[in-house]
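Reminder, nothing fancy here: chain letters follow the sequence lines and each chain counts from 1.
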Amino acid sequence: MNWFKRVAQNILTRSKKEIPEGLWNKCPSCNEIIPVKEIEENKYVCPRDGYHFRIGADQYFKLLFDGKHEFLFEEIQPVDVLGFKDKKPYRRRLEEARQKSKASEAVVIARGRIDRIPVVIGCMDFSFIGGSMGTVVGERLKRAMLLCAEEKIPLVVVTKSGGARMQESAFSLMQMAKTAAALSELRKAGVPYIVVLTDPTTGGVTASYAMLGDVHVAEPGALIGFAGPRVIKEAIGKDLPEGFQRSEFLLEHGFVDVIVDRRQLKETLSRLIRILTHKVKKANGNGKETLKAS
Amino acid sequence: MQVFDWEKPVVELEEKLKELYEQFEEGKMADRQAIEAMEAQLAQLKKSLYSNLTPWQRVQMARHPDRPYSLDYIEHIFDDFIELHGDRRFADDKAMVGGPAVLDGKSVMVIGQQKGRTTKERQYRNFGMPNPEGYRKALRLMELAERHGLPVITFIDTPGAAPGIGAEERGQGEAIAYNLLRMSELRVPIVSVVIGEGASGGALGIGVADRFLMMENTWFSVISPESCSSILWRSWDYKEKAAEELKLVPEALLKYGIIDEIIPEPLGGAHRDPDAAYAAVKAALQANLKKLRSQPIDKLTARRKEKYFQMGRYEEKRVVE
Ligand SMILES: [Zn+2]
């Protein structure tokens with residue numbers, strides 16, 4: 001029985017299917033044809049020019065967790081309450097996303113360890129309707145935030161989203177308020193919340209939990225903004241400056257704390273969380289635990 | 001006054017009635033019978049027209065250039081008001097106004113998005129589209145209210161937060177996000193009223209509230225019908241359809257538990273009888289503030305958070321490994 005049929009029968013099995021991949025992949029940045037294996041071994045970073053490929057939640061989990069991890073809140077599944085229909089009915093978009101995406105929704109939550117420290121990671125996945133935030137994204141993240149507040153577990157959220165899911169209209173908008181209210185609880189509990197901004201992070205996600213981290217880590221070159229570049233270009237009737245709304249631009253303007261190469265992401269998160277939770281490892285050779293951009 | 005095509009039958013009848021009035025005044029008519037008949041006809045027509053507006057017509061009503069704006073409501077509802085300027089960080093945003101005010105002899109803080117009426121005013125107010133400093137000014141006033149125990153009232157009327165290079169440089173997303181977080185925990189009552197347009201995060205940025213009210217001829221949505229049409233249909237021609245699909249009218253939002261109350265407007269919209277609109281909004285604010293003031297603040301903020309925690313619809317399915 002495939003995944004979709006099970007959902008239809010109100011039973012849900014985690015998808016184990018692998019997207020068939022070719023042996024070679026073209027880097028969109030330098031246009032080099034590179035063996036897929038080489039890209040994977042390099043943590044999905046182009047070995048020629050450092051371009052960060054867009055990857056899914058399962059790949060981030062493999063990169064960040066020590067190994068085993070337990071999925072949380074997978075039972076929270078989307079419904080088409082409004083009967084929304086544009087060129088396609090929302091119901092069908094959901095079915096297609098379920099078939100196509102490895103992720104069970106646009107955010108996947110899992111609990112495991114980073115460098116032996118227990119953490120919860122919420123990771124968005126662009127392959128599920130453009131990583132758009134509907135009720136399920138807000139609800140899963142809210143539950144993760146409240147769980148972390150309750151059990152004092154650091155929370156990492158990897159953002160990657162085109163913004164709110166229009167097909168859920170006001171319900172989707174309210175997820176901004178829902179997650180912000182849950183983060184108020186997390187702050188009160190004194191639990192670290194680290195946001196990893198990846199390409200792209202825009203719209204309602206930027207205007208809620210993506211910009212409310214204790215620390216904002218960004219992957220290099222990621223598009224991060226509230227309004228999309230096309231909208232801004234239309235509004236001002238001018239071309240946008242080079243590098244506008246990229247990680248480096250946000251760092252210069254004070255909205256990103258540190259830009260970290262994906263190959264150092266796990267190590268950086270580990271050091272950050274250890275320092276913020278007073279679990280610093282015994283001093284190594286030079287006796288320092290400093291955080292610096294790669 | 002701007003008249004929509006679909007309003008023309010009303011306007012034509014109103015003009016005919018005016019002629020009859022004049023004839024009567026001049027003594028050209030013996031009795032008022034014809035006038036009374038036409039008055040009844042007009043009332044009937046208005047009622048059937050304005051109580052059956054399509055979502056897109058509602059959007060048009062919300063944007064009517066003669067609708068009262070935030071400062072109009074502030075002037076006519078409150079006994080005193082001192083406008084305060086600036087976010088103490090960068091600038092004073094003219095698309096966001098606010099300051100302490102008096103309602104029924106009690107202190108409150110009132111904040112609202114402000115549109116302009118003339119071409120010059122519209123530009124001065126940036127079409128009611130706040131920049132980050134507008135959201136930060138709003139938050140500064142809310143925190144001031146919190147320190148002094150003033151309930152917060154916000155008037156929402158925006159086509160969206162400003163898109164622009166400066167807005168992104170100064171963190172439009174962060175400004176809105178932080179308002180959402182702080183409003184969710186603010187230790188004074190908050191009442192928000194959509195008085196015109198309530199577009200997306202730009203509206204929500206001053207709209208996390210204990211009580212969220214909408215006037216009858218307003219809209220509140222994750223995106224404007226035009227932008228929705230352009231993104232989902234890849235054409236600007238589906239705005240009417242998008243307005244329907246988005247369920248952006250107050251009645252739908254009340255049904256889905258997104259909003260708490262609808263404030264009825266005078267027949268034909270707030271702009272046709274502003275005084276009646278001010279009175280309706282004032283009465284709604286008084287009633288809601290009275291209830292909110294009597295609640296212990298810890299209970300109030302817990303209930304506010306819980307309200308937002310519950311928002312949205314989803315299914316819970318059994319997971320089989
Ligand atoms: Zn490359």
Novice: Relative to chain A, which of Q310(B), Q172(B), K307(B), K305(B) shows the most heavy atom pairs under 4.5 Å?
Specialist: K305(B)
Novice: Flag the one option from G173(B), G201(B), G171(B), A167(B) with the top tally of heavy-atom pairs under 4.5 Å to chain A.
Specialist: G173(B)
Novice: Against chain A, label L253(B) side chain, backbone, both or neither, depending on which of its atoms sit under 4.5 Å from a heavy atom there.
Specialist: side chain
Novice: Let me know if Y209(A) has heavy atoms under 4.5 Å from chain B in its side chain, its backbone, both or neither.
Specialist: neither
Novice: Decide, yes or no, whether a salt bridge links E174(B) with R136(B) under the criterion of side-chain N to carboxylate O below 4.0 Å.
Specialist: yes
Novice: Is K102(A) salt-bridged to D58(A), going by a charged N under 4.0 Å from an acidic O?
Specialist: yes
Novice: Select, from T135(A), T206(A), L240(A), the one with the greatest count of heavy-atom pairs under 4.5 Å involving chain B.
Specialist: T135(A)
Novice: I'd like to verify something: which residue of F220(B), W233(B), Y178(B), Y308(B) has the highest number of heavy-atom pairs under 4.5 Å with chain A?
Specialist: W233(B)
Novice: I'd like to know if R147(B) pairs up with E143(B) as an ion pair, taking the criterion as any Lys NZ or Arg NE/NH1/NH2 lying under 4.0 Å from an Asp or Glu carboxylate oxygen.
Specialist: no
Novice: Under a 4.5 Å heavy-atom cut-off, does chain B meet the side chain of R230(A), its backbone, both or neither?
Specialist: side chain
Novice: With chain B, which of A177(A), G203(A), A210(A) has the greatest number of heavy-atom pairs at distances under 4.5 Å?
Specialist: A177(A)
Novice: Please determine, among G257(B), G312(B), A162(B), the option with the most heavy-atom pairs under 4.5 Å with chain A.
Specialist: G312(B)
Novice: So which of I224(A), V231(A), L250(A), V79(A) has the largest heavy-atom pair count under 4.5 angstrom toward chain B?
Specialist: V79(A)
Novice: Given heavy-atom pairs under 4.5 angstrom as the criterion, report whether the side chain, backbone, both or neither of I76(A) touches chain B.
Specialist: both
Novice: Would you call D210(B) and R304(B) a salt bridge, taking side-chain N to carboxylate O under 4.0 Å as the test?
Specialist: yes
Novice: Check this for me, if you would: do E315(B) and K317(B) make a salt bridge, where the nitrogen-to-carboxylate-oxygen distance has to be below 4.0 angstrom?
Specialist: yes
Novice: The test is side-chain hydrogen bond (donor to acceptor under 3.5 Å, both in side chains); show your working for S104(A) and R140(A) and say whether it passes.
Specialist: CA-CA 11 Å; S104(A) 61; R140(A) 287 184 180 178; 3.0 Å; yes
Novice: Can you name the nearest heavy-atom pair linking S192(B) to G207(B), along with the distance?
Specialist: OG-CA, 3.6 Å
Novice: Test Y90(A) against every option in R165(A), Q167(A), E95(A) by the side chain to side chain donor-acceptor pair (under 3.5 Å) rule and name the one that passes.
Specialist: R165(A)
Novice: What part of L183(A) is in contact with chain B, defined as an atom under 4.5 angstrom from a non-hydrogen atom: side chain, backbone, both or neither?
Specialist: both
Novice: Can you say whether R170(B) sits under 4.5 Å from chain A via the side chain, the backbone, both, or neither, judging by heavy atoms?
Specialist: backbone
Novice: Is L246(B) close to chain A through its backbone or its side chain, or both, or neither, when contacts mean heavy atoms under 4.5 Å?
Specialist: both
Novice: Please determine, among I258(B), I259(B), V208(B), the option with the most heavy-atom pairs under 4.5 Å with chain A.
Specialist: I258(B)
Novice: Mind ranking Q175(A), M176(A), E139(A), H216(A) by heavy-atom pairs under 4.5 Å with chain B and telling me who comes out on top?
Specialist: E139(A)
Novice: Are the charged groups of E133(B) and R89(B) less than 4.0 angstrom apart, N to O?
Specialist: no
Novice: Hey, is R58(B) close enough to E251(B) for a salt bridge, meaning N to O under 4.0 Å?
Specialist: yes
Novice: Does any backbone or side-chain atom of K142(A) lie under 4.5 Å from a heavy atom of chain B? Answer side chain, backbone, both or neither.
Specialist: side chain
Novice: So which heavy atom on S200(B) is nearest to which on V222(B), and how close?
Specialist: OG-O, 2.9 Å
Novice: In terms of heavy-atom proximity below 4.5 Å to chain A, should I165(B) be classed as side chain, backbone, both, or neither?
Specialist: both
Novice: With side-chain contact (heavy atoms from CB on, under 4.5 Å) as the test, pick out the partner of I111(B) among L139(B), T154(B), I153(B).
Specialist: T154(B)
Novice: Examine whether an atom of F84(A) lies under 4.5 Å from a heavy atom of chain B, and if so say whether it belongs to the side chain, the backbone or both; otherwise answer neither.
Specialist: both
Novice: V81(A), V136(A), T179(A): which one forms the most heavy-atom pairs within less than 4.5 Å of chain B?
Specialist: V81(A)
Novice: By a 4.5 Å heavy-atom criterion (distance strictly below it), what part of L248(B) contacts chain A: side chain, backbone, both, or neither?
Specialist: neither
Novice: So which part of A235(A) gets closer than 4.5 Å to some heavy atom of chain B, the side chain, the backbone, both or neither?
Specialist: side chain
Novice: For K88(A), which atoms come within 4.5 Å of any heavy atom of chain B: side chain, backbone, both, or neither?
Specialist: neither
Novice: Is the count of non-hydrogen atoms from other residues, nucleotides or ligands lying under 6.0 Å from F249(A) atom CZ greater than 12?
Specialist: yes
